[in-house]
Q: 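Sharing a structure below in structure tokens format, with a few things to ask.
The structure presented is a predicted model; accordingly, all values stated were derived computationally and were not measured. What you see below is based on every heavy atom in this structure, not just the backbone, and it leaves out hydrogens, waters and symmetry mates. Along the sequence shown, residues carry numbers from 1.
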Amino acid sequence: MEELYAKYLKHPKICTDTRNIAPGCIFICLKGERFDGNQFALQALEKGAAYVVTEDQSLSANPNCIVVDDCLKTLQDLAKYHREHLTIPIIGVTGTNGKTTTKELIAEVLSAKYTITYTQGNLNNHIGVPLTLLSIKPEDQLAVVEMGANHPGEIEFLCNIAQPTFGIITNVGKAHIEGFGSVEEIIHTKKALYRAVIQNNGTLFVNVNDKILRDGLEYDKVVFYAEGGEDNIVSMSPYLQINVAGHVIDTHLTGSYNIFNFLAAAAIGHFFEVSDEQIARSLSEYMPTNHRSQINTIGSNTIISDYYNANPTSMEAAIRNLAKLTHPRKRAILGDMRELGPISRDEHRHIIDLCAEFELDVIFVGPEFSALEPEHCFGNVEALNEYLRENPITDSMILVKGSNGIHLDKLTSILQ
């Protein structure tokens, strides 16, 4: 590892996709179900990579090829080795909902004072976390690393690589039950971040309103945040206007549930001595991406785009938020929630009942909802598009939410 690390220090850009080769990078040949990076080793060199890490034994004589037994493990080991040579604070972020938004808000706030690196997009898995760590530059003063999981033990595995010295869990809810088996296992897996930070004698940031996150937490280096909870919301019209440390802030996010993401970022900013004025400015300037609580005006409709993903916790929060908003014609287009295993039918039934409770005008999409035969339902987006072309929705506020696999991004009759 020392030899590879020495090469990395001279060529600190790691690439795993030949379509995005950076001159002088180290290309690591990863494999997936439908691709094998080893097949593109020589192509990577031709495109300008300085070295290639490959499992192809036939390239062992090439001075620019480093042959290993397992490229993925090598990537992870290199990232861990690099982490062990870093002395900067590493802030780990995980949770069922809001982790990407919270990570980006934290990064926005800390960037007002520090040079930082943070997870790009949602590259938060066994590949993304190592790549984030390896993107940390010598001049960086802080790093914010998002960690995701859909199976037991994954957060512990990622923490072993990232070794966070600070940690925040946004919340724990029902997601990926199919992979975890139970909510109790989700809680145990997520709280591996707490255990890792405690082992490193670091500091935890904990939502004071969240009983699940507070239960069993016996540790003295804890910053509790979000005192007052949703009382910090000044208005929703539909963008959130919030009160943080005496500053009334106009944000670019909708959803009352986002108040906790804002307050988390503010608490971490305060801890790292970012001024109240800088925190307020950063929170007001943050613009959401990737269809997370975004609002767009398309034709005569106001679209709340929140269809990056969905699970029972986030779906209920979005529905309750829509019910609170003031608009003469509120609608919702809700897609199936995936990976719920044996609880899927009950959770989809609960969402249908919740919409009825709030008397919302809803169109459901997907086989899970269809099996329950609600009044307005379509088996897929294509069928809904065809219906809406003949029966367009106008002058409405429309919440669009569902799991990626339902492809609500292809709802062209509404979104384009």
Q: For the pair D140 and K137, evaluate salt bridge (charged side-chain N to carboxylate O under 4.0 Å, His left out) and give the outcome as yes or no after the intermediate values.
A: CA-CA 5 Å; D140 286 330; K137 303 173 292 296; 3.5 Å; yes
Q: For E156, I'd like to know if atom CD has over 12 heavy atoms of other residues, nucleotides or ligands within 6.0 Å.
A: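 No, because the 6.0 Å sphere around CD of E156 holds 12 heavy atoms or fewer from other groups.
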Q: For the side chain of K103 and the backbone of G121, is there at least one donor-acceptor N/O pair under 3.5 Å apart?
A: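 At least one qualifying donor-acceptor pair exists.
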Q: Give a yes or no answer on whether the side chain of T102 reaches the backbone of K99 with a donor-acceptor pair at less than 3.5 Å.
A: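 No, because the side chain of T102 does not come within donor-acceptor range (under 3.5 Å) of the backbone of K99.
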Q: What is the minimum heavy-atom distance between M315 and I351, and which atoms define it?
A: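 In terms of heavy atoms, the two residues are closest at CG-CD1, 3.6 Å.
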Q: Looking at F378 versus F364, is the centre-to-centre ring distance below 6.0 Å?
A: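 That pair fails the under 6.0 Å test.
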Q: For Y308 and H291, test the side chains for any donor-to-acceptor distance below 3.5 angstrom and give the result as yes or no.
A: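 Absent: no donor and acceptor within the cut-off.
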Q: Can you list the steps and then say if R281 with E277 is a salt bridge (charged side-chain N to carboxylate O under 4.0 Å, His left out)?
A: CA-CA 6 Å; R281 188 181 309 113; E277 291 74 18; over 6 Å; no
Q: Among Y225, F224, F166, find the one that has a ring pair (Phe, Tyr, Trp, His ring centres under 6.0 Å) with F271.
A: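 Among the candidates, only F166 passes.
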Q: How long is the straight-line distance from CD1 of I298 back to OG of S305, given to the nearest 0.5 Å?
A: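 Answer for the OG-CD1 pair, S305 versus I298, is 6.0 Å.
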Q: With sequence neighbours excluded, what pairs up with K174 under the side-chain hydrogen bond (donor to acceptor under 3.5 Å, both in side chains) test?
A: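 K174: side-chain hydrogen bond (donor to acceptor under 3.5 Å, both in side chains) contacts with E347.
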Q: Taking all atoms of both residues into account, what is the closest heavy-atom pair of A280 and I249, and its distance?
A: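 Distance-wise, the nearest heavy atoms are CA-CD1, 3.7 Å.
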Q: Return yes if a side-chain donor-acceptor contact under 3.5 Å exists between S284 and D250, otherwise no.
A: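 No, no side-chain donor-acceptor pair sits under 3.5 Å.
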Q: Between R338 (side chain) and G405 (backbone), is there a donor-acceptor pair under 3.5 Å?
A: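 Between the backbone of G405 and the side chain of R338 there is a qualifying donor-acceptor contact (under 3.5 Å).
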Q: Hey, is the main chain of E146 close enough, under 3.5 Å, to the side chain of T119 for a donor-acceptor pair?
A: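 At least one qualifying donor-acceptor pair exists.
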Q: Less than 3.5 Å apart, any donor N or O on the side chain of N258 or S293 sitting next to an acceptor on the other?
A: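 N258 vs S293: donor-acceptor pair found between side chains.
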Q: Does a donor on one side chain and an acceptor on the other come within less than 3.5 Å for N171 and N207?
A: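 N207 and N171 do not have a side-chain donor-acceptor pair below 3.5 Å.
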Q: Using the salt bridge (Lys or Arg N to Asp or Glu O under 4.0 Å) criterion, which residues pair with K7? Sequence neighbours excluded.
A: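 Once residues adjacent in sequence are excluded, the partners of K7 under the salt bridge (Lys or Arg N to Asp or Glu O under 4.0 Å) criterion are E3.
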Q: I'd like to know if K211 and D215 make a salt bridge, using a cut-off of under 4.0 Å between side-chain N and carboxylate O.
A: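 So K211 pairs with D215 through a salt bridge.
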Q: Looking only at heavy atoms, what is the nearest atom pair of T18 and K47, with distance?
A: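 Of all heavy-atom pairs spanning T18 and K47, the closest is O-NZ, 3.0 Å.
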Q: Strictly below 4.0 Å, N to O, side chains only: are D361 and R331 in salt-bridge contact?
A: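 Yes.
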Q: Determine whether the aromatic ring centres of F205 and Y194 lie less than 6.0 Å apart.
A: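 No, the ring of F205 stays outside the 6.0 Å limit from the ring of Y194, centre to centre.
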Q: Specify whether H348 and F369 have parallel, tilted or perpendicular ring planes, treating 30° as the upper limit for parallel and 60° as the lower limit for perpendicular.
A: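 Because their plane-to-plane angle is over 60°, the rings of H348 and F369 count as perpendicular.
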Q: Backbone N or O of G173 within a donor-acceptor pair of the N97 side chain at under 3.5 Å?
A: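 Absent.
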Q: Whether the H407 and E382 side chains hold a donor-acceptor pair (N or O, under 3.5 Å, no angle test) is what I'd like checked.
A: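 No - no donor-acceptor pair under 3.5 Å links their side chains.
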Q: Which heavy atom of D306 sits nearest to which heavy atom of R292, and what is that distance?
A: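 Nearest heavy atoms, D306 then R292: OD1-CA, 3.9 Å.
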Q: Quick check: does any side chain N or O of R83 sit under 3.5 Å from a backbone N or O of L78, one acting as donor and the other as acceptor?
A: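 Side chain of R83 to backbone of L78, a donor-acceptor pair under 3.5 Å: no, none is there.
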Q: Looking at E55 and K73, is there a salt bridge between them, counting it only when a charged N and a carboxylate O are closer than 4.0 Å?
A: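 No, K73 and E55 are not salt-bridged.
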Q: Please enumerate all residues that pass side-chain hydrogen bond (donor to acceptor under 3.5 Å, both in side chains) together with E104, with sequence neighbours excluded.
A: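 Applying side-chain hydrogen bond (donor to acceptor under 3.5 Å, both in side chains) to E104 gives Y286.
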Q: Should the heavy atoms of other residues, nucleotides or ligands under 6.0 Å from CD of E386 be counted, would the total exceed 12?
A: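 Incorrect, the count does not exceed 12.
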Q: Can you find a heavy atom in the side chain of N232 that is under 4.5 Å from one in the side chain of F262?
A: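 They are not in contact (no side-chain heavy atoms under 4.5 Å apart), so the answer is no.
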Q: Among S314, S344, P312, whose side chain to side chain contact (heavy atoms under 4.5 Å, CB included) with M337 holds?
A: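 Exactly one candidate clears the test, P312.
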Q: Under 6.0 Å between ring centres: does that hold for F180 and H151?
A: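 They do not qualify: ring centres at least 6.0 Å apart.
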Q: Using the side chain to side chain contact (heavy atoms under 4.5 Å, CB included) definition, which of the options I169, L158, I161 pairs with M147?
A: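 In the set I169, L158, I161, the residue that makes a side chain to side chain contact (heavy atoms under 4.5 Å, CB included) with M147 is L158.
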Q: Do you know the tightest heavy-atom contact between R349 and L372?
A: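 For R349 and L372, the tightest heavy-atom pair comes out as NH2-O, 3.3 Å.
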Q: N124 side chain to V129 main-chain N or O, any donor-acceptor pair under 3.5 Å?
A: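 Here the side-chain-to-backbone pair does not exist.
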Q: On a heavy-atom basis, which atom in P164 and which in L193 lie closest, and how many Å separate them?
A: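 Shortest heavy-atom separation between P164 and L193 comes out as CG-CD1, 3.7 Å.
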Q: Please check if any side-chain donor atom of N38 sits under 3.5 Å from a side-chain acceptor atom of T54, or the reverse.
A: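 A pair is found: one side chain offers a donor N or O, the other an acceptor, under 3.5 Å apart.
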Q: Which class fits the ring pair H82 and Y5: parallel under 30°, tilted 30 to 60°, perpendicular over 60°?
A: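 Answer is tilted, since the angle falls between 30° and 60°.
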